[in-house]
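When reading the values below, keep in mind they use all heavy atoms of this one structure, side chains included, and skip hydrogens, waters and symmetry mates. Note on naming: letters A, B, ... go to the chains in the order of the sequence lines (proteins, then strands), and numbering restarts at 1 for each one.
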Protein chains: 2
Amino acid sequence: MTRKQEIIQVAASLFKEKGYSAVSMRDIAQAMNIKAASLYNHIDGKQEILATLIVEVAIEFTQAMNQVISERISAIEKIEKIIGFHIDITVNYAENIAALNNDWMHLEGEERNSVVKMREEYEENFRSIIKTGIKEGTIKAHHPEVLLFSILSTLRTLYLWNEKRGKMDVNILKKDMVTTLIYGIV
Amino acid sequence: MTRKQEIIQVAASLFKEKGYSAVSMRDIAQAMNIKAASLYNHIDGKQEILATLIVEVAIEFTQAMNQVISERISAIEKIEKIIGFHIDITVNYAENIAALNNDWMHLEGEERNSVVKMREEYEENFRSIIKTGIKEGTIKAHHPEVLLFSILSTLRTLYLWNEKRGKMDVNILKKDMVTTLIYGIV
DNA sequence: GTCTATAGGTAGATAGAC
DNA sequence: GTCTATCTACCTATAGAC
């Protein structure tokens with residue numbers, strides 16, 4: 001773990017807790033027991049930390065989604081796989097996801113455009129899967145947007161739940177999440 | 001609409017867009033075409049705006065939940081009612097909900113304790129309803145926490161979806177949301 | 001109800017010593 | 001790799017005139 005990576009990790013934890021704008025370079029430095037000026041020997045600035053965190057996890061989601069849509073499986077199976085990789089990525093990138101969800105609007109320049117575009121393409125891929133399922137007759141013919149929103153909002157906020165999960169096994173969680181989101185609660 | 005209410009409304013819109021910490025009193029004043037100092041003739045400070053927004057909607061949710069748990073209906077019917085009032089409150093208090101979800105940690109003093117307590121009691125009431133449904137056999141015997149999390153995370157982020165909803169009738173949305181969350185998508 | 005002026009503090013970031 | 005010192009800009013909030 002390089003010093004730069006340490007800084008980013010400490011910053012990510014603080015960003016998750018209070019949000020990007022409420023965390024100062026002095027806060028990050030204090031959490032590492034150094035002075036704020038020392039941070040600049042390793043990073044260009046606060047903005048670089050945010051961009052690193054968000055772009056990293058946005059690429060993870062994009063790649064996982066591209067993998068799923070390339071497979072020759074049913075729409076329902078694709079959604080099951082999406083739920084699965086959301087849980088996997090959440091376990092490994094909880095702080096990055098917090099930044100992606102809550103602080104993407106504080107990204108500047110080309111990185112912001114890039115992340116917004118990845119997000120839109122991600123949603124469009126998900127929407128296509130749902131529409132395919134409805135056409136096939138395997139998914140109930142609701143408004144696709146209601147389904148998309150409902151599933152995605154649960155998956156995107158999984159990171160908030162990562163502590164309570166605690167002792168719960170990831171594979172059991174995946175099974176339960178699939179049952180709940182796809183087959184309902186009754 | 002008093003001048004104070006105007007300020008709170010304008011601030012709420014900016015808070016929703018960028019978050020409490022990223023919005024300055026100068027931003028709020030500029031959006032009203034006045035100077036920042038003029039705001040203080042109507043409000044005590046930035047913190048009062050946040051507290052007003054969050055406490056107002058937290059009380060709305062608490063009262064709606066108390067109404068539901070007092071009714072002599074089944075667990076499933078109670079959850080249907082909860083989905084309903086979340087949609088109603090979201091339509092009328094989208095900006096307040098954004099602040100409650102994303103900026104509650106920036107509340108200071110007794111108001112923060114109060115809001116956290118209301119949130120915990122709300123979740124506990126919801127959890128009890130789910131457990132009752134499982135005991136009655138009307139709800140599948142998952143881990144109650146997975147159900148609670150899944151439904152609540154969708155309902156809490158409804159405010160993000162309030163624009164796309166657009167032309168969609170509220171009652172149709174309620175019916176679709178109930179079907180999706182309770183009866184699944186297959 | 002709004003203004004100008006300003007106080008007192010904190011922000012991100014840089015220069016240069018060690 | 002970290003420090004002290006510092007710059008410039010912005011922050012919340014107040015005082016007092018109109």
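- Between Phe61(B) and Phe85(B), the two ring planes are tilted [angle within 30° to 60°].
- Figure legend: cation-pi geometry between Lys46(B) and Tyr20(B), with NZ or CZ positioned under 6.0 Å from the six-membered ring centre and within 45° of its axis.
- Atom C1' of nucleotide dC11(D) and atom CD of Gln47(B) are separated by 15 Å, given to the nearest angstrom.
- To the nearest 0.5 Å, atoms CG (Asp176(B)) and CG (Asn171(B)) are separated by 11.5 Å.
- Nearest-nucleotide assignment on DNA chain D puts the 5′-proximal partner with Lys35(A), out of Lys35(A) and Arg26(A).
- Hydrophobic clustering of Ile, Leu, Val, Met, Phe, Trp and Tyr side chains at less than 4.5 Å, counting indirect connections, keeps Ile151(A) apart from Leu155(B).
- Where DNA chain C meets chain B (any atom under 4.0 Å from a heavy atom), the bounding nucleotides read 5' to 3' are dG1(C) to dA5(C).
- Counted by atom type alone, Glu77(A) and Ser74(A) present one or more donor-acceptor pairs between their side chains at under 3.5 Å.
- Salt bridge annotation for Arg156(A)-Glu123(A): present, with a cationic side-chain nitrogen under 4.0 angstrom from a carboxylate oxygen.
- In this structure, a donor-acceptor pair under 3.5 Å is present between the side chains of Gln67(B) and Glu71(B).
- Between the P atom of dC10(D) and the CG atom of Asp27(B) lies a distance of 11 Å, rounded to the nearest Å.
- Residues Ile28(A) and Val10(A) come closest through the heavy atom pair O-CG1, 4.0 Å.
- Of the residues in residues 4-25 of chain B, none has a non-hydrogen atom less than 4.0 angstrom from any atom of DNA chain C.
- Asp44(B) places its CG atom 15 Å from the P atom of dT12(D), with the value rounded to the nearest Å.
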